[in-house]
Participant: 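Can you keep this structure in mind? I'll have questions shortly.
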Amino acid sequence: MSLFEIAALACIAVVVGWLGKGRNLALLAVSALALYWLQPDQEPVNLMFWLPTLTLTLTVLSWLITAKPESRGWKENRAAVTVLLGVIVFVDLNRFFQFEWFFPVETPRVQWIALAFLFAFGLSLILARLEKRNRFVLTLAVIGLIGLFLLIKTPSATMGLFDMMATLRGKEAGGQSALAWLGFSYVAFRLMHTILDRLAGRLPSVSLAEYANYVIFFPAITAGPIDRLERFVSGLNAPLRLDADGWLDAGQRIFIGLFKKFVIADALAWIALNESFARDAQSVGWLWTLLYAYSLRIYFDFSGYTDIAIGLGRLLGIRLPENFDSPYLKPNLAQFWNSWHITLTQWFRSYFFNPLARALRSASKPVSPWMLILFSQVTTMVLIGLWHGVTMNYILWGLWHGCGLFIQNRWSEFARARYSQRALPVSLQRGIQFVGTFLTFNFVSLGWLFFALPTPESAWSAMLKLAGGL
């Protein structure tokens, strides 16, 4: 988001947060409009309309298959349906309002929208009539979301999709391999969270307005954090007062976030490691400097956006969960992952790591404890890597951290068995803490090579140079 967009959304958040009756519907309208407004430019330009529209459609369909009967009445949800349809029609008709600078330049013809509405309406009727909300539909929805996620995160698949679209439009393919679908990574995880909780029978009863506000909440749509439905709805229906302390809290978080993102991270971007810097570096010391700059940049960029999101949420009376807790100051890798992108780590722990570990323990032929830890941690970290993109570099990044967590776990068990009964001097404890923090920061920084550089070969070459192989 740009400074102008953040300032505009902050002003809107103050107005919406001040509202009494109709606040949830106003928030829903703003969040839906923000999906279109913040959608990045890309070709073909119709995607700037269809992708946010698909986000809204997936949200409504997911609510239909997860909502309990008592919350699915037409009368209670009519206003939310009207708001969402109204936003879509408003954006599509913007060509007549001369607001092209604000919304996508090229929107589809009205008849295409009407056809899409009819299709979505028919699908909604079918889903609404599923009396049992059976496990097959819910499971199919999870598989569909994962398949869609893999499609847009796999460069070769995305390129094939663009080629097909260009052929259908009778145009030349532009070689585009990345699909800029605003917020879909976070939207998909929120939708899967609700579907999996519905499967487990622990999803609370919520209206369409509450559900949609949770999925597309505009302060957290671009960079998280990934809240939980029950926690979010609780804050939505009992908003915090924007008194003097609230203004101070929100203002501080937004200012800190702006400083992190637009001052520190943008300044570090000038020297942060990239492919050309790695190739041209003339000394090992300078290459380490470039790598450290990248490590700090990615932290200040990401945590800065999170601070801004938390500040905007506070203006709306909603307290979003923390996502970072000084991760580079942690003395080991496990504590780093409890402090870095906290909500994503908790999501994978709840919906993958813990179920997998339970399944392995209860198997007819249980695996050994160390094998259970190795398999669970490596597969979890590889999946977190794939969440960023289906490429070999992200897989290697996941393996790097999965193996690192396993080694640290084994070392901790070894050290605990030998030294837990001994009282170590305070100076020695501080020395161990410092060494642990130094090693953890450098291990994490080396892992960022797979993010900063485009291929495994270039990352491996840079690693050799960092080891003195210039």
Side-chain angles (χ1 to χ4, degrees), residues 150 153 273 278 287-288 291-292 294-295 298-299 302 324 327-342 344-361 363 366-418 432-469:
L150 291 175
K153 291 288 185 177
L273 186 69
L287 192 56
W288 276 103
L291 180 60
Y292 289 156
Y294 183 89
S295 301
I298 197 170
Y299 165 72
F302 203 176
F324 293 89
Y328 285 148
L329 298 180
K330 303 305 176 188
N332 60 58
L333 200 55
Q335 289 192 33
F336 169 83
W337 275 108
N338 286 330
S339 310
W340 177 278
H341 209 333
I342 297 170
L344 179 69
T345 307
Q346 290 174 340
W347 194 99
F348 272 97
R349 185 180 295 133
S350 298
Y351 296 109
F352 183 78
F353 181 87
N354 289 339
L356 176 63
R358 281 196 297 270
L360 291 175
R361 284 195 193 97
V367 298
S368 60
W370 70 267
M371 180 60 77
L372 184 150
I373 293 169
L374 175 64
F375 185 73
S376 301
Q377 288 181 328
V378 168
T379 51
T380 301
M381 294 312 303
V382 168
L383 284 179
I384 291 178
L386 291 172
W387 178 74
H388 296 87
V390 186
T391 68
M392 184 52 69
N393 267 31
Y394 290 126
I395 293 173
L396 291 173
W397 178 81
L399 287 171
W400 178 265
H401 278 276
C403 292
L405 283 166
F406 174 72
I407 293 169
Q408 184 238 307
N409 176 275
R410 293 295 86 193
W411 166 253
S412 297
E413 290 296 320
F414 171 79
R416 188 179 297 116
R418 290 202 166 210
I432 293 173
Q433 179 93 1
F434 175 80
V435 171
T437 302
F438 177 80
L439 292 176
T440 302
F441 175 70
N442 281 278
F443 182 87
V444 172
S445 294
L446 287 171
W448 290 133
L449 287 173
F450 299 110
F451 266 65
L453 302 176
T455 63
E457 293 77 15
S458 56
W460 176 245
S461 174
M463 204 169 284
L464 290 178
K465 287 182 178 180
L466 289 166

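In this chain, numbering begins with 1 at the start of the sequence shown.
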Participant: So, taking the atom named CH2 in Trp337 and the one named CD1 in Ile384, what distance separates them when rounded to the nearest 0.5 Å?
Facilitator: 5.5 Å
Participant: Check the pair Trp387 / His341 against side-chain contact (heavy atoms from CB on, under 4.5 Å), numbers first and verdict last.
Facilitator: CA-CA 13 Å; Trp387 178 74; His341 209 333; 3.7 Å; yes
Participant: Could you work out, with salt bridge (charged side-chain N to carboxylate O under 4.0 Å, His left out) as the rule, every residue matching Lys153, not counting sequence neighbours?
Facilitator: none
Participant: Measure the OG-CE distance between Ser458 and Met463 for me, rounded to the nearest 0.5 Å.
Facilitator: 10.5 Å
Participant: Which heavy atom of Gln433 sits nearest to which heavy atom of Pro331, and what is that distance?
Facilitator: NE2-CG, 3.8 Å
Participant: With sequence neighbours left out, which residue pairs that include part of residues 436-445 fulfil the salt bridge (Lys or Arg N to Asp or Glu O under 4.0 Å) condition?
Facilitator: none
Participant: Which atoms form the tightest heavy-atom contact between Leu273 and Ala278, and what is the distance?
Facilitator: CD1-CB, 3.8 Å
Participant: Would Phe406 and Trp370 satisfy side-chain contact (heavy atoms from CB on, under 4.5 Å), going step by step from the backbone distance to the final call?
Facilitator: CA-CA 8 Å; Phe406 174 72; Trp370 70 267; 3.8 Å; yes
Participant: Looking at every heavy atom in both Leu287 and Ala462, which two are closest together, and how far apart are they?
Facilitator: CD2-O, 3.9 Å
Participant: Could you tell me whether Trp340 and His401 have their ring centroids closer than 6.0 angstrom?
Facilitator: no
Participant: Nearest heavy-atom pair of Leu372 and Ser376: which atoms, and what distance?
Facilitator: O-OG, 2.8 Å
Participant: Please identify each residue that fulfils side-chain contact (heavy atoms from CB on, under 4.5 Å) with Pro456, with sequence neighbours left out.
Facilitator: Met392, Asn393, Leu396
Participant: What pairs with Trp411 under ring pair (Phe, Tyr, Trp, His ring centres under 6.0 Å), at least two apart in sequence or on another chain?
Facilitator: Phe414
Participant: Can you sort out the partners of Tyr394 under ring pair (Phe, Tyr, Trp, His ring centres under 6.0 Å), two or more places apart, ordered by chain and number?
Facilitator: His388, Phe451
Participant: Taking the side chain from Trp400 and the backbone from Trp448, do they hold a donor-acceptor pair closer than 3.5 Å?
Facilitator: no
Participant: For the rings on Phe353 and Phe348, is their centre-to-centre separation under 6.0 Å?
Facilitator: no
Participant: With sequence neighbours left out, which residue pairs that include part of residues 329-338 fulfil the salt bridge (Lys or Arg N to Asp or Glu O under 4.0 Å) condition?
Facilitator: Asp325-Lys330
Participant: Counting N and O atoms only, with roles assigned by atom type, does the side chain of Tyr328 sit under 3.5 Å from a partner on the main chain of Ser295, one being a donor and the other an acceptor?
Facilitator: yes
Participant: If I take atom CG from residue Leu386 and atom OG1 from residue Thr391, how far apart are they, to the nearest 0.5 angstrom?
Facilitator: 8.0 Å
Participant: Which value, rounded to the nearest 0.5 Å, describes the distance between Leu453 atom CG and Thr455 atom OG1?
Facilitator: 7.5 Å
Participant: I'd like to check the side-chain contact (heavy atoms from CB on, under 4.5 Å) partners of Tyr351; sequence neighbours left out, ordered by chain and number.
Facilitator: His193, Leu196, Asp197, Arg202, Arg228, Trp347
Participant: For Gln335, check side-chain hydrogen bond (donor to acceptor under 3.5 Å, both in side chains) against everything at least two apart and list the hits.
Facilitator: none
Participant: Determine all donor-acceptor pairs shorter than 3.5 Å in which one atom belongs to a side chain in residues 354-361; sequence neighbours excluded.
Facilitator:
unit_1: Asn354; atom_1: ND2; unit_2: Arg349; atom_2: O; d: 3.1

Participant: Mind checking what makes side-chain contact (heavy atoms from CB on, under 4.5 Å) contact with Trp288, not counting sequence neighbours?
Facilitator: Val284, Leu291, Tyr292, Asn442, Leu446, Leu466
Participant: Please list all pairs passing the salt bridge (Lys or Arg N to Asp or Glu O under 4.0 Å) test where one or both residues lie in residues 394-413, with sequence neighbours left out.
Facilitator: Glu413-Arg416
Participant: Ignoring hydrogens, what is the shortest heavy-atom contact between Gly404 and Phe443? Give both atom names and the distance.
Facilitator: CA-CZ, 3.7 Å
Participant: Run through Ile373, Leu399, Leu383 and flag the one making a side-chain contact (heavy atoms from CB on, under 4.5 Å) with Val378.
Facilitator: Leu399
Participant: Identify the heavy atoms of Phe324 and Pro327 that sit nearest to each other, and give their distance.
Facilitator: CD2-CG, 4.3 Å
Participant: Going by salt bridge (Lys or Arg N to Asp or Glu O under 4.0 Å), name the pairs with one or both residues in residues 436-457, residues two or more places apart or in two chains.
Facilitator: none
Participant: Could you state the interatomic distance from CG (Leu333) to CD (Gln377), rounded to the nearest 0.5 Å?
Facilitator: 9.0 Å
